[in-house]
There are 2 protein chains.
Amino acid sequence: MTPVGGQGSSPGAPRAVDVARLAGVSQKTVSRVFNGERYVSADVRERVLQAAEHLGYRLNGAARALASGRTRSIGVVALGTALYGPASLLIGVERAARDAGYALRVVNTLEGDPGGVAGAVESLLDQGVDGIVVSEPIDEGSVSLSVDIPVLVLGAPAAFGGPRAVAAGVGAESLARAATEHLLDLGHVTVHHLAGPQRWFAARDRLQGWRAALAARDREQPAVIEGDWSASSGYTAGHELAAAGDVTAVFAANDDMAVGLIRALLEAGLRVPEDVSVVGFDDIPVSAYVTPPLTTVRQPFDAVAQEGLRLLVQAIEKPDAEPAPAGDPPVELVVRASTAPPPTDGPYPAAGSRDSAHAPPATTD
Amino acid sequence: MTPVGGQGSSPGAPRAVDVARLAGVSQKTVSRVFNGERYVSADVRERVLQAAEHLGYRLNGAARALASGRTRSIGVVALGTALYGPASLLIGVERAARDAGYALRVVNTLEGDPGGVAGAVESLLDQGVDGIVVSEPIDEGSVSLSVDIPVLVLGAPAAFGGPRAVAAGVGAESLARAATEHLLDLGHVTVHHLAGPQRWFAARDRLQGWRAALAARDREQPAVIEGDWSASSGYTAGHELAAAGDVTAVFAANDDMAVGLIRALLEAGLRVPEDVSVVGFDDIPVSAYVTPPLTTVRQPFDAVAQEGLRLLVQAIEKPDAEPAPAGDPPVELVVRASTAPPPTDGPYPAAGSRDSAHAPPATTD
DNA sequence: CGCAGTCATGACAGCGCAGTCATAGAGGGC
DNA sequence: GCCCTCTATGACTGCGCTGTCATGACTGCG
């Protein structure tokens with residue numbers, strides 16, 4: 001049959017040689033123009049561009065990739081989740097990649113799928129990418145990937161991505177530490193932690209930050225409750241904590257869990273923040289508007305994505321240069337109305353005095 | 001250098017001809033095996049696979065695309081936003097694409113960027129894709145795209161994607177209608193609408209659904225307030241509505257805005273749902289746990305993505321077949337505690353009687 | 001037994017670019 | 001004026017695969 005031409009588009013798509021003919025130059029010169037190479041006279045460049053425009057020419061990426069050995073694309077291994085953090089990171093990565101002149105290919109690891117990351121990476125290698133971003137990977141026991149193209153790991157140790165991988169992190173540990181310290185500074189004797197699933201590196205970092213903050217002040221470390229990031233798991237945890245009876249401050253590993261937690265506390269007759277203070281993590285868009293508005297820490301997703309991609313692109317284009325490690329971005333604690341000093345009369349007031357929970361708390365942005 | 005390779009990477013990566021040599025067959029036969037073509041004996045297939053495994057061979061996608069004219073990839077034009085809806089759709093599309101054997105290339109339109117969708121589509125065409133998914137586009141005035149590869153439009157009229165585009169929708173209009181009717185059924189005389197930005201087709205659909213529900217019962221249509229999807233805009237709108245003084249029911253075009261709205265109402269001394277009922281849209285993960293738990297409608301993102309991709313893949317692979325239009329997915333209203341019959345004693349009770357807002361409302365689901 | 005059909009394989013020719021090298025004119029220094 | 005460098009261009013080749021066609025070996029059936 002008729003051979004199909006063009007890269008998925010019309011068979012009769014114009015090729016560089018057509019443009020060349022029209023412009024009265026060689027195909028190679030067209031290639032030069034489209035790659036911004038030196039040594040093309042302004043005159044010729046202009047003629048070529050006009051001819052190209054006239055014909056509706058566009059470079060064939062497949063042919064270019066085949067001839068050059070580079071696809072100019074970056075693969076992203078993302079989690080198949082609409083969680084705010086991962087989604088934000090993906091957006092940041094896309095923008096940074098595009099700015100750097102790379103296209104993005106995305107593969108999701110289906111949570112629970114064994115060998116998820118490894119499988120996703122395989123599929124990216126099959127597609128042919130110049131570099132790979134592994135976003136917020138889950139520890140699946142596999143020690144590390146072994147790939148021989150540059151890898152960027154976001155939100156996990158670089159080692160996860162293999163010996164030559166680079167990494168960038170949101171500084172989750174210091175953020176978690178800041179959140180915990182905020183509560184301690186308010187006067188709480190200790191802070192409970194509602195952790196994320198510990199298979200996530202991100203969850204571990206937050207746990208570590210919490211531990212570090214308590215350890216630095218010689219505070220007791222209450223037993224950790226592990227959630228699964230969902231508001232539902234926070235809700236369950238909230239009922240447990242309420243039953244425990246000695247809780248005045250909780251640091252939740254993300255805002256969703258914090259919301260569920262608060263709901264459970266309210267249902268148990270505890271006021272937030274009068275009886276129990278709660279800090280979240282992420283600063284999801286609704287955090288400022290839930291009741292009470294949530295004190296939380298904001299993750300610098302964009303900065304991290306940008307910085308990480310810079311490293312990755314450098315590793316792709318200048319494999320020899322020493323990768324300058326990314327500096328930890330600044331900590332940003334957003335104080336709203338879900339935190340306050342601990343109750344002076346003991347955490348558990350007589351039932352019935354919950355009148356102020358709805359008073360409009362000051363919402364600092 | 002090191003052994004294993006992607007295709008933009010090590011120059012020494014094994015090629016089909018290497019595998020062929022090792023297996024004692026021709027290169028063409030290797031190609032046959034890797035494409036699952038008929039007419040390869042089990043014996044030969046096995047030998048080829050073993051040889052390939054031994055060498056760590058993987059098909060070079062660029063060469064394949066060049067020779068076949070198909071990239072086996074689908075481009076997605078997404079919004080650069082971490083909003084729950086768009087993010088969920090993207091996930092659904094990725095899974096569906098992978099299931100169909102297509103890789104995904106993602107380009108975000110930066111909101112506000114003029115010619116955003118058109119530019120994004122251009123960049124996908126440059127990359128070479130077999131089909132394009134335009135997810136929840138914003139109406140930018142451009143009548144429609146003109147592309148000569150198959151296009152799937154999600155959450156907007158098919159016409160937006162050009163004459164030959166297919167479309168799949170979440171059935172936003174009927175969902176919005178169901179939400180509004182739920183409020184009317186509770187006895188509210190009319191329902192206010194906090195709309196999404198009207199440049200979004202999704203927002204228009206919801207507005208239409210609301211209008212249709214009211215019109216069907218000959219109810220007055222109060223002036224629409226337009227938000228920007230954010231909780232913050234919902235908050236502003238909430239204060240406006242509270243000041244208006246005659247509001248007993250509001251349908252917000254998404255959950256984020258509903259949350260902000262509720263916060264503003266509470267601050268204005270109104271109880272939800274006793275004084276004002278609120279329905280959201282999306283069923284974001286925290287909706288069940290905010291105070292009060294939010295009545296909302298759930299969008300069938302996964303089903304829509306799957307159905308849409310089925311249509312797109314069919315358009316790619318069997319251009320002649322008639323595209324069976326997707327049936328509207330079922331409406332799913334999630335009734336929680338933010339809706340109730342209108343106050344019998346008039347919407348504005350004496351201040352001070354806000355004691356029951358914290359009572360644990362029954363949370364369906 | 002002979003011929004048509006099916007099955008299994010290989011030879012060969014591009015797909016549309018970018019890399020390499022060759023070439024030729026335009027300065028520039030002495 | 002000679003040689004050398006820098007600029008600007010083209011001819012040719014090959015990246016690694018798939019499509020097409022050719023070629024046998026084998027079936028089955030009249």
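Convention: sequence-line order gives letters A, B, ...; per-chain numbering from 1. Atoms considered below: every heavy atom in the structure, side chains included; atoms not considered: hydrogens, waters and symmetry mates.
Side-chain atoms of A:Glu37 lie closest to C:dG19 of the nucleotides C:dG19, D:dC17, C:dG16. Closest to the side chain of B:Leu66, from the set D:dC17, C:dA11, D:dG16, is D:dG16. When each of D:dA11, C:dT9, D:dC17 is scored by its nearest atom to the side-chain atoms of B:Ala16, the top-ranked nucleotide is D:dC17.
Side-chain N/O atoms of A:Ser41 include one lying less than 4.0 angstrom from OP1 or OP2 on D:dT9. OP1 or OP2 of C:dG10 has at least one side-chain nitrogen or oxygen of B:Ser26 nearer than 4.0 Å. For C:dG25, the OP1/OP2 oxygens have no side-chain nitrogen or oxygen of A:Tyr39 closer than 4.0 Å. Here B:Ser31 does not reach the OP1 or OP2 of D:dC17: none of its side-chain N or O atoms lies under 4.0 Å away.
Using a 4.0 Å heavy-atom cutoff across all strands shown, A:Val25 reaches sugar-phosphate atoms only and no base atom. Contacts of A:Val17 with the nucleic acid, taken as non-hydrogen atoms under 4.0 Å apart, are absent. Using a 4.0 Å heavy-atom distance criterion, A:Phe34 is classed as making no nucleic acid contact. Backbone-only engagement by A:Thr29 is indicated by non-hydrogen atom pairs under 4.0 Å involving sugar-phosphate atoms exclusively. The residue A:Arg32 sits close to a base: some heavy atom pair falls under 4.0 Å.
Taking CG of B:Asp18 as the reference point, atom CD of B:Gln27 lies at 10.0 Å (rounded to 0.5 Å). Atom CG of A:Leu89 and atom CG of A:Leu154 lie 5.0 Å apart (nearest 0.5 Å).
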